[in-house]
Amino acid sequence: MSASLERPGADAILSDLNPSQREAVEHGDGPLLVVAGPGSGKTRVITRRVARLVRAGVRPWRVLAITFTNKAAGEMRERIARLLEGERETNVYVSTFHSFCARMLRRYGAPSRGFAQDYTIYDEDDQRAAVRQALAEANLEAKQWKPGSVLSEISAAKNRMEGPDERDQQAIGYADRTIARVYRIYERLLAEWKALDFDDLLLEMVKLLREREDVRAELADRFRYVLVDEFQDTNRPQYEIARMIAAHGNLCVVGDVDQSVYGWRGADIGNILEFERDHPGCRVVRLETNYRSTKRILEAACSLIAHNVRRIENPLSTPNEEGEALRLVACLNDDEEARFVARSIERTIREDDVAPGEIAVFYRTNALSRKVEQELLARGIAYAVIGALAFYERKEVKDVLAYLRILGNPGDEPSVIRALHSPPRGVGATSVEKLRARAKERGLTLAQATVDPEAQTALAGKALRGLKEFGELLETISLLAAQRAPLRQMLDEIVDRSRYTDALRESRDPQDRARVENVHALLDAAEEFDRQQGHAGDLREFLDHIALLTDVDRTRTGPDRVNLMTFHAAKGLEFDEVYMIGLEEGMLPLVRELEAQDLEEERRLCYVAITRARKRLSLTYARVRRYFGMDRTGRPSSFLSEIPDGLLERGSPEIAYGPSDRLKAYARLDGWARERPALAAAPAPAAPASARADRASGAGPDPALRPLPSYAPSAGGFGDAGLSQGTRVEHPHFGAGEIVGLRGHGLAQRVKVRFDSGAEKELVAHYANLRRAAP
DNA sequence: GTGGCATAGCTTTTT
DNA sequence: GCTATGCCAC
């Protein structure tokens with residue numbers, strides 16, 4: 001690279017920094033903790049600090065910067081390169097923890113896999129399949145032991161760095177010991193298949209650093225400076241890794257306790273609190289000026305988060321202007337909410353000339369995106385949903401990738417079976433068992449058996465023909481792989497020879513057509529990867545790359561698309577205009593059936609979402625929401641009452657989206673006025689509340705934040721009306737219970753009742769012979 | 001062994 | 001309301 005005439009020197013690196021930012025950037029050697037509130041310029045601090053180190057003579061490849069997503073890594077790499085324009089080298093190592101570990105384990109081997117380098121990374125789908133098999137081997141019913149929850153138990157244990165033995169010792173009672181037992185089998189299966197799950201990548205790295213002094217020394221020597229972003233979201237193993245590599249003490253961590261929202265994933269706020277203890281004499285810099293949001297938005301966020309007890313006081317201020325009031329919009333139901341959001345977005349784009357990419361809609365659970373999507377679609381507004389249906393997790397994509405995974409690691413049995421079934425070749429479960437038995441006899445792996453003429457004789461007829469076909473294809477692509485053929489060529493071979501897309505293409509189902517498109521998108525992605533790496537991309541790197549992409553990484557966003565995402569996915573991003581929807585008690589904070597909820601984490605989540613907004617923030621909730629195909633009546637989130645009233649402007653959807661709808665809005669306010677006294681004044685049991693009346697009697701803008709009286713039926717028994725959520729009922733057989741959901745109308749109306757016995761049943765109201773019970 | 005249909009269960013968040 | 005699973009018929 002030729003030396004540029006304009007080399008941004010120390011001046012450019014330190015320009016327009018406030019005193020604390022400057023302090024963090026200029027800090028020399030030794031541990032540094034940067035407490036960075038939202039919008040306080042922490043990315044700027046990290047990039048400038050790295051640039052300053054390099055300018056001071058540190059070779060860029062001696063700096064390791066860890067980010068939360070690959071996208072953030074890419075952006076950071078770019079920003080650093082820009083700051084270092086003119087330097088000979090700018091190749092700072094910027095990566096996520098998981099990608100970094102995967103790379104190192106490929107180089108040095110995974111300790112628990114006999115230091116093998118040809119391991120496969122298992123995603124959640126693969127993990128669940130492994131748990132299912134482990135359950136089967138333990139003779140446990142998948143119905144009773146849900147693979148998903150067993151898996152999260154296993155993952156939680158791994159995050160605490162407990163193996164099956166430790167988990168067993170901690171176990172209390174049968175259920176707990178069973179989980180330890182399944183965990184042990186799960187570990188054995190993954191070892192057999194030479195697979196590592198996401199948690200393993202971190203644990204194996206810890207192990208590698210602990211067991212191999214030479215590797216630890218090599219990495220510590222290479223990476224003289226280690227920086228970790230979003231430190232509040234690191235878990236135990238991640239912290240261990242950072243600490244071991246930064247044994248020289250040049251560890252800089254940046255985080256904010258108030259933005260920790262991954263506690264459920266094992267993230268440990270304690271890491272931040274412990275950092276000072278683990279690093280005596282560490283420098284602490286606080287960034288307390290927010291450059292992102294208006295005063296009103298920031299104040300709303302600060303008032304909310306002040307309700308948390310487990311936090312460190314961190315006063316934030318902003319030089320920005322007051323800004324608009326936050327809009328708090330009460331909707332009758334989710335349809336109206338979606339319509340409001342879409343119309344308001346449409347207006348903003350058209351009248352305020354805001355780029356769609358500067359607008360975002362946030363929600364607590366993915367399920368809430370659908371209605372908004374429909375409304376945006378109906379208005380022809382382009383949007384991107386982040387994280388909904390991850391491309392690489394789709395069945396057709398995984399089917400085709402299974403072939404490549406076999407090449408990367410022939411021990412990966414589930415991939416062998418998956419490829420064998422894609423498309424169906426007449427080789428079913430029984431045939432696979434026969435083949436597996438024969439493979440075992442002859443000391444072969446399943447993959448080897450599929451191409452071994454002798455082993456193939458375990459099958460006959462249609463199954464044998466299918467197996468041979470598969471074996472030949474496998475041999476062809478193995479040969480291509482050995483010749484280091486481009487990935488695109490291998491995938492073409494797989495798709496053509498297996499005729500995977502043939503049946504799909506002929507199908508009448510439009511979804512199948514979309515599947516064909518997805519397969520082609522995969523082929524294009526492979527070709528792109530080939531190009532990036534020269535002629536042919538490295539197979540394992542390609543597979544790692546795919547496995548470690550985050551939702552944010554793999555979604556096509558852009559200036560022309562409105563962004564839809566969960567509160568979690570919003571972390572680290574910012575937008576001019578933000579809509580937070582579904583702000584009902586139960587949705588946010590979200591109540592879960594089994595696990596205890598962490599109210600403070602839910603509040604932090606709300607805080608993170610609010611602080612993403614630069615200029616304008618709209619908060620919406622719906623009186624009635626269809627969830628699980630059932631109408632649920634809710635009241636506004638208690639978090640809303642933690643925002644000072646003076647910052648909010650309450651409105652109905654019509655009023656909020658413009659004067660043209662005034663008439664309609666007045667008509668409706670009239671309706672509210674009639675209903676309101678009954679709502680507010682009546683003692684709970686007497687309030688009129690048929691399912692239909694419920695729907696009509698939306699919470700008015702004013703009494704909305706007051707907890708609404710619980711809805712109880714009118715006097716008398718039940719016909720086809722008089723049922724509502726929260727009603728206490730008695731069933732001749734099941735006993736007393738409470739209505740938790742309603743669906744349908746008239747004779748077809750069904751009610752979901754949670755009985756005091758704990759059982760939940762859905763009953764047809766007309767036939768169920770329910771009686772109203774005393775509360 | 002496969003594909004169709006019915007039904008149960010589900011949705012918290014993600015590397 | 002959707003989908004993944006389970007059962008049944010071919």
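Here is how names work: the chains are called A, B, and so on, in the same order as the sequence lines, proteins then strands, and each is numbered from 1.
Between B:dT12 and A:Asn366, no contact under 4.0 Å exists linking OP1 or OP2 to a side-chain N or O. Side-chain nitrogen and oxygen atoms of A:Thr566 include at least one within less than 4.0 Å of the OP1 or OP2 phosphate oxygen of B:dT14. In terms of phosphate contacts, A:Lys146 brings a side-chain nitrogen or oxygen within less than 4.0 Å of OP1 or OP2 of B:dC10.
The aromatic rings of A:Phe529 and A:His545 lie tilted to each other, with the angle between the two planes from 30° to 60°.
Inter-residue side-chain proximity for A:Asn159 and A:Arg236 is flagged as unmet; no heavy-atom pair is nearer than 4.5 Å.
In this structure, A:Met205 places its CE atom 16 Å from C1' of B:dT15, rounding to the nearest Å. Rounded to whole angstrom, the span from the NZ atom of A:Lys571 across to the C1' atom of B:dT14 amounts to 11 Å. We find that CG of A:Leu151 is positioned 15 Å from P of B:dT12, with the value rounded to whole Å.
Counting only N and O atoms by type, the side chains of A:Gln232 and A:Glu230 include a donor and acceptor under 3.5 Å apart.
For DNA chain B, none of the residues of residues 603-611 of chain A falls under the heavy-atom distance limit of 4.0 Å.
Donor-acceptor pairing under 3.5 Å, judged by distance alone, is absent between the side chain of A:Arg265 and the base of B:dT13. Residue side chain A:Tyr262 does not reach the base of B:dT15 through any donor-acceptor N/O pair under 3.5 Å, judged by distance alone.
Counting only residues at least two apart or on different chains, the salt bridge (charged side-chain N to carboxylate O under 4.0 Å, His left out) pairs with a member in residues 149-160 of chain A are A:Glu153-A:Arg167, A:Lys158-A:Glu187, A:Lys158-A:Asp197, A:Lys158-A:Asp200, A:Arg160-A:Glu162. Residue pairs meeting the salt bridge (charged side-chain N to carboxylate O under 4.0 Å, His left out) criterion with at least one partner in residues 363-372 of chain A, sequence neighbours excluded, are A:Asp334-A:Lys371, A:Asp335-A:Lys371, A:Arg364-A:Glu602.
In the set B:dT13, C:dG1, B:dT15, B:dT15 carries the atom at the smallest distance from any side-chain atom of A:His98. Of the candidate nucleotides B:dT14, C:dT5, C:dG1, B:dT14 has the atom lying nearest to any side-chain atom of A:Ala569.
Judged as a ring pair (Phe, Tyr, Trp, His ring centres under 6.0 Å), and not counting sequence neighbours, A:Tyr627 has no contacts. Every residue meeting the ring pair (Phe, Tyr, Trp, His ring centres under 6.0 Å) condition with A:His568, not counting sequence neighbours, appears here in chain and number order: A:Tyr262, A:Trp264.
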**Prompt:** If the sugar-phosphate is the primed atoms plus P, OP1 and OP2 and the base is the rest, what is the B/S/- string for nucleotides 1-8 of chain B, using protein heavy atoms under 4.0 Å?
**Reply:** SSS-----
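Salt bridge A:Asp126/A:Lys398: present, at least one basic N to carboxylate O contact under 4.0 Å.
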